Every structure is written in structure tokens, then in C-alpha cells.
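Beneath this line is the structure, given in C-alpha cells, with notes to follow.
Heavy atoms only: backbone and side chains are in, while hydrogens, waters and symmetry mates are out. Letters go in sequence order (proteins before strands), and every chain restarts at 1. Note that this is a predicted model, so its numbers are computed, not measured.
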Protein chains: 2
Amino acid sequence: MIKRYDIFEWNRFLKPVPSMNEYRKGIMMRKKQTEKVTITDVAKAAGVSKTTVSRYLSGQYHALSDRTRTRIKAAIEQLNYRPNQLARGLKGDRSYLIGMIVADITNPYSTAVLRGAEDVCKRKGYSLMVCNTDNDPAKEREYIFTLQSHRIDGLLINTTGQNNGFLRELANDRTPVVLVDRKMPELGFDTIGLDNEQATSELVHFILNQGYKRIAYITEPLAGVSSRQERAAAFARELTRLGIPADDLYEVDLHSPESLMEKLDHFLTDTEGDKRAIIAANGVVMLKLISALQLKGVQIPGDVAVAGFDDPEWAPLIGSGITTVAQPTYQIGVTAMERIFNRLEGDTSPAQNIHFAGKLIVRGSTPAVD
Amino acid sequence: MIKRYDIFEWNRFLKPVPSMNEYRKGIMMRKKQTEKVTITDVAKAAGVSKTTVSRYLSGQYHALSDRTRTRIKAAIEQLNYRPNQLARGLKGDRSYLIGMIVADITNPYSTAVLRGAEDVCKRKGYSLMVCNTDNDPAKEREYIFTLQSHRIDGLLINTTGQNNGFLRELANDRTPVVLVDRKMPELGFDTIGLDNEQATSELVHFILNQGYKRIAYITEPLAGVSSRQERAAAFARELTRLGIPADDLYEVDLHSPESLMEKLDHFLTDTEGDKRAIIAANGVVMLKLISALQLKGVQIPGDVAVAGFDDPEWAPLIGSGITTVAQPTYQIGVTAMERIFNRLEGDTSPAQNIHFAGKLIVRGSTPAVD
DNA sequence: TTGTATGCGTTATCAA
DNA sequence: TTGATAACGCATACAA
């Protein structure tokens, strides 16, 4: 069942009609433009029919004489012809466009994935439409609409999890959807991300082995985001298994700095004098955490050890380096996009859930203590 | 005159024809898809003509009775209709797509600009096609082609400067082009970026005032990139003006780490015992620089002061913070995109060259020395 | 190996 | 206030 949104004006997603004045100007400008060259012009110049040119364009060389082929090629170059993807798409029901919806484009994780995804697209002759939602379900919804309007052939999404109805509708249509980092089992989509279970266990074990007795885990709100939940759960499980209470799991809202400060104060006073460590659930949290600790004058690792997920480029530079679990972000982007093309090429196998192993990178922020 | 590329196969930029096998599968899959709903379906459901629905879609409410309007709205929602932008674009010669070509999407500068650009696009009902060139002119060229094929309505580009012919052709057609960070006066395009002159002077002055006697400037290769050239020139000019030889301007290739190490060794031994500072020409160079200094065991600011451009999120966290000149990156993205829409709406004034002032942010890496 | 004719979904023109 | 129809540029079925 698709949720309805009453306040919904459909043309919010369409270009508004320009004022009459602008409109006229627009027309005038457009008249001035160099005559658009179409397949007909090429056909004329090459002395063949449109059909023949079309065959050339789609690489059906086996059906073309060498002479025709060279003449068409020459005509195309001479006229500076560019096939109109709008027309091709309309006719063939393919836009050669892939949508990518990310929660936060300024997060290095997202750009690294984007880079991998883009490389695959390029190889396949597709292009990426990139949308940034700021984790806002309303924005996400609007972007899904827009992308649908553009008839994207596939969608890579780092979803807020609040628009499952719309995503399902997309998929019903024809469009492969791949979830990045965040699972939604009920949607039955392919999913790509870190093996949070393994990565977290490994990190927690390492820290315990280094001799730390109290570990805090700081994460953004868990609600609705599977990767956060998986990491937090693995953290709690590992501690519990070893008989250590997993009390120090803190959810913080990064938009209100006090939130972090509060939790931090609590943990630091509570563990005064203990061998203690803090794990940040991702690169952004880690940045805020280190910033907060510096503000307080807390020494890393003297007063508290620190480790985190993602391996931002600056991790080696802070103090004697921050211990992290790195994700193969580029590879995640590549694999996600490959899933899309597999689906596009007819793969109808059940949804895959692809996990990549994280890699523990030990640096100075988590020295052994006795 | 447009340069020709002989090895040029046009369908490199088109989706290759799938094998016959894949093709059949594709067809079969497509048949399975939920019947696409078109404007005709909506018209039928609402009991009006396509024309009337089209009027509704483009917001020409003044030409619609209230009754018709509500019926159409209901039909659209009920059928889950999405206007086909491919068809709209083909008909109206507008794709509602803006291209954005960046040299390096993993550079935080690029994503910040992207974010600004995207916000404006969204407001206007446009979407962004994002392309990453890795500073490779060939890739850039291919992307320009692809974007042209998709009939983008505008282009934001951080150009390699090697494809001026192609860019000019784009502009000849009809498409507003705005250059970000890198100028190409001969192209006559609108240009947005930092006021490199002011920003650099301010930084250099500050460092000299702090008492440093020798200043090195480390930049990526200057050739063809105006922003690098402007900063380097301002650096040299400021020193010269004060009677200090500007010998220590180093161009390094970030792809070969030895390149940086070498220059660094040279400068550090040459200035042994002096009050000295190093300026990094952008955020990426700064990262590599700090990394190299740490590797050498050189203390910041004990052995050498450090400052740089861009203000990456990690700048406050390294040691007692790195002094930088921040750029209003988000604002740059917004302004660039606004230029595009102004042009689209008929502005035919001469090309504008918009400079934003940089903001010096003083931190611990450049303490006063006597 | 090549060409003719039709239609993809939409908007614009013209008429009512 | 509404509708019939043509056209946008291309790919395909079918014919030759």
C-alpha cells in the first residue's frame, strides 16, 4: 500500500512555467541557437536513410557496407552530431541514467562509493544523477519522484528507510534498486555494505586485548538504520559474551553538540582512573568525538583510547594516529553498480546481501595497557 | 576550430547493443513490467483530453475549471502517474538536467560546491548529472559528449582546460557554461571562485607578521590551472614586494610521493635553524604535506610552521590546529548554479567573473616567533 | 545491405 | 474552458 501525501501538488516536481516575459525571451534565445543537427541531417549528408544511420549508431556494423559506414562516420564528425538521448530513451524505454540518492554527499564514505559507482556507469555508457537528502525523508521522497520522472534505469540508495512504499513502486515498475550500507529486508532488494558483525567484533576484541576495561560506543541514532544497529548490537554482544556490562552505548544527535558532550562527561567521570576506550560508530562521529575531547583537554590516548569506523584520510595524522576499521568503499560502489547492471541484463535471482570485510588498522590511539 | 580525434568511435558514448541473448531476456523482462501509465491513461481516467491534462501538468490552472482540475489531480494520484521527462524534454527541447563535471569528487571542496549547486537545482526543479574526470582531459571530453547527448540545459565545470573547443561548441548550441575555480578567459564564460589574490596576500602577510623569515609554497603543477597560478603568483609577488626572494615555490606531483619529499628535504636543510613556514596550496596538498612532515619526524610548529588553503574539517584537530584560509564553498556552488539559471532565463550580459573573499582562520600551527 | 512507415509520451497550434 | 492533431528525434518491424 502506498502512503498518500495530501498536500501534494504534482508539479512541485516539474519545472514551473516561466512568466510570459521570461518565456518570450527563452523562445528568442532558443531561436538563435545553432540549428540542432538530427539523425536526418546525418542521413542526408551521408546520402543514406535514417534507418541506416541508426544502425550505425547502435553498432550494428554487420548490417552495413564499409562504404556506408565510413560515409556516416564522416558525416557525423563533420556535422558535429550528438545522438539525442531523450529521443533514444523515449523510443527504447531506457534513459541510460542511473539515480544515486545519498544521505550526505559531504561524508567521504559517500563520495568514495560514488566514485566506484560512477566508474562502472561510465564503462557501461550510463550516467549518474546524484541526489543528496540530508537524511530527510521528504527530500528523499521528492527525489524518488524526480528520478522516476526521468525514467532512471536503476537506483542506488542510502535510504532513510521512510519511503519504502515509493521504493517498492519503483521496483514494481521495472527499475533495479540496490541498497547501500542500509538494509531493508522487507523490500527484497540487493544490498551492499560492510560486514558490521565481523568488523565490530574484531575491533572490540582488539581493544579488549590491549587491556582496556571499560569501552564506550558512540553512535548516531539507531532507529531505522541497519548498519548502525548491527554495529551497536555486535558491540553489546561482544562485551556481554565476555561478562562485561555493555552499559556505555550512547546515541547522540550530531546536530546538537551538547548531546555528545553530556554523554562524554558521564562516561569520563564514571570511569575516572580506569583503563578506558571510546569507539566512534563512523567517521563523522569520530571527528566530533575527537573535537570534543580536545575541547575538554582530554588526552588521546593518555586519558582515553579512541578508535572508530571508516578510515578517513586524516586518521593517521591526529596525534600518533587513530585506530580504525577501514571499509572498501570504492569496491562497494563498484559492486553495487554491478548488481544493477546484472539485474538490467536479466538476472532474476533472489536478492543478494553482499558483505565486505572491514580491515582493522592499528595506530597509536589504542596502545596496550597493563 | 574543433580538434578532431581520429580514433574516435562514436558509439563509445552510447550503450552498446546487448548480445542477442541478453536482448531477448531484456525484452521479456520489460514485458513483465507493470503497464506504464501515460498522460493518455490519466486523461481517460479523468474523462478529459490529453491536452487538458498537459495543461494541468504545466500549471496553467487559469485555463482549467475547478472541477476538471480536481478530477485530474485525483486521477494522477490514483494511477500513480509520473510525467515522462524524456518525452517532455524531447518535445520542449529542455531536459531539466544540469551537468556537473568535477576534477576530483573525493576532494571535499568539490562536494561542498556540489551541495550548494544541488540545492539550487532542486529548488528550480532540475537535477544534476555528476561526472568525475580525475583531471583527465580524455575523460572530460567523453563526459562533455555524453552530457551533450543527454541535452543538458547547463554545465558547471571544473575544467582541465584541455577541451576548450568542445566547451565552446556546447555554448554555441545553447547551453550556459559556468567555470568553477578555474578561469579560461578566452572562452568568455561566467566564472566563480575564490579571490586568490586577496586570500593569498592575507595569508602571506600574516605569516610574515608572525615573524617567519623563510616561506615555502607547495602547489600542484601550475600549468593550465588558473587558481593555482593566481595563488602562486600572489605568493611570489608579496614576498618580492618585501624584498624577500621567492625562491621556495615548489610544484609537486601528488601521484609520486618522492616528488614532495625531495622538495621538502631541500627546503628544510636549506633553512636549517631559520624561522620558517610552509604554505600548502590546497587541502589535498596540505594533507600530504603534514603526512610527509610527520614521517620525517619534523615538528609542527616547533621545527616549521604550516598553513594552507581550504579549511578541511580536520584542520582544527591536527596538533593545536592548522592555520588556513577558508573558502565559502557552499556559496560558490549556489552562486555558480544561479548564474546558469540566470542565463537560462535570458540574461545575455557579458561574462561575469565572481570572486569570493577567503577567510583567514588562525590556529596553533603558525605561532608568533621573535 | 538498405529503406519506408509507425509510434514512443509529451506539448503546441489551431479550432471549437 | 476544452479537444483533435501534428511534431519532437529516434529505433524498429517489415518490406525490398
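Because its NZ or CZ atom is both nearer than 6.0 Å to the ring centre of Tyr61(B) and within 45° of the ring axis, Arg69(B) counts as a cation-pi partner of that residue.
A donor-acceptor contact under 3.5 Å links the side chain of Lys91(B) to the base of dA7(D).
When the side-chain nitrogen and oxygen atoms of Ser54(A) are compared with OP1 and OP2 of dA11(D), one or more of them lie within a distance under 4.0 Å. Remark: Tyr81(B) is in phosphate contact with dT10(C), judged by side-chain N or O atoms under 4.0 Å from OP1 or OP2. OP1 or OP2 of dG9(D) lies within a sub-4.0 Å distance of a side-chain N or O belonging to Lys36(A). Between Arg88(A) and dC10(D) there is no side-chain polar atom (N or O) within less than 4.0 angstrom of OP1 or OP2.
Side-chain contact between Met100(A) and Glu118(A) is absent, with no heavy atoms from C-beta onward closer than 4.5 Å.
The CZ atom of Arg94(A) sits 19 Å away from the C1' atom of dG9(C) (whole-angstrom rounding). If you take CD of Gln85(A) and P of dC10(D), they are 10 Å apart, rounded to a whole angstrom. With rounding to whole Å, Asn84(A) atom CG is found 18 Å from dA7(D) atom P. Between Ile39(B) atom CD1 and dC8(D) atom P the separation is 19 Å, expressed in whole Å. Taking atom OH of residue Tyr96(A) and atom P of nucleotide dC10(D), one finds them 12 Å apart after rounding to whole Å. In this structure, the OH atom of Tyr56(A) is 16 Å from the P atom of dT1(C), given to the nearest Å. Counting to the nearest Å, the P atom of dT12(D) and the CG atom of Leu90(A) are 13 Å from each other. Rounded to whole Å, atom C1' of dT1(C) lies 15 Å from atom CZ of Arg71(A).
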Fill in: Lys124(A) vs Asp153(A), salt bridge (charged side-chain N to carboxylate O under 4.0 Å, His left out): CA-CA, chis, key distance, verdict
CA-CA 12 Å; Lys124(A) 295 276 190 175; Asp153(A) 293 333; over 6 Å; no
Practice prompt. Determine, stepwise, if the pair Ser49(B) / Thr52(B) fulfils side-chain hydrogen bond (donor to acceptor under 3.5 Å, both in side chains).
Written response: CA-CA 5 Å; Ser49(B) 75; Thr52(B) 306; 3.2 Å; yes
List, with names and distances, any nitrogen or oxygen atoms from the protein found under 3.5 Å away from nitrogen or oxygen atoms belonging to nucleotides 1-3 of chain D.
| from | atom 1 | to | atom 2 | distance (Å) |
| --- | --- | --- | --- | --- |
| dT1(D) | OP2 | His62(B) | O | 3.4 |
| dT2(D) | OP1 | Ser65(B) | OG | 3.1 |
| dT2(D) | OP1 | Thr68(B) | OG1 | 2.4 |
| dT2(D) | OP2 | Ser65(B) | N | 3.1 |
| dT2(D) | OP2 | Thr68(B) | OG1 | 3.3 |
| dT2(D) | O4 | Arg55(B) | NH2 | 3.4 |
| dG3(D) | OP2 | Ser49(B) | N | 2.9 |
| dG3(D) | OP2 | Ser49(B) | OG | 3.2 |
| dG3(D) | OP2 | Thr52(B) | OG1 | 2.6 |
| dG3(D) | O6 | Arg55(B) | NH2 | 2.6 |

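Ion pair Asp347(A)/Arg339(A) flagged as a salt bridge, since at least one NZ, NE, NH1 or NH2 atom sits closer than 4.0 Å to an Asp/Glu carboxylate oxygen. Asp93(B) and Arg174(B) are joined by a salt bridge, as a carboxylate oxygen and a charged side-chain nitrogen come within less than 4.0 angstrom of each other. Under a 4.0 Å N-O distance rule, the pair Glu338(B)/Arg343(B) does not qualify as a salt bridge.
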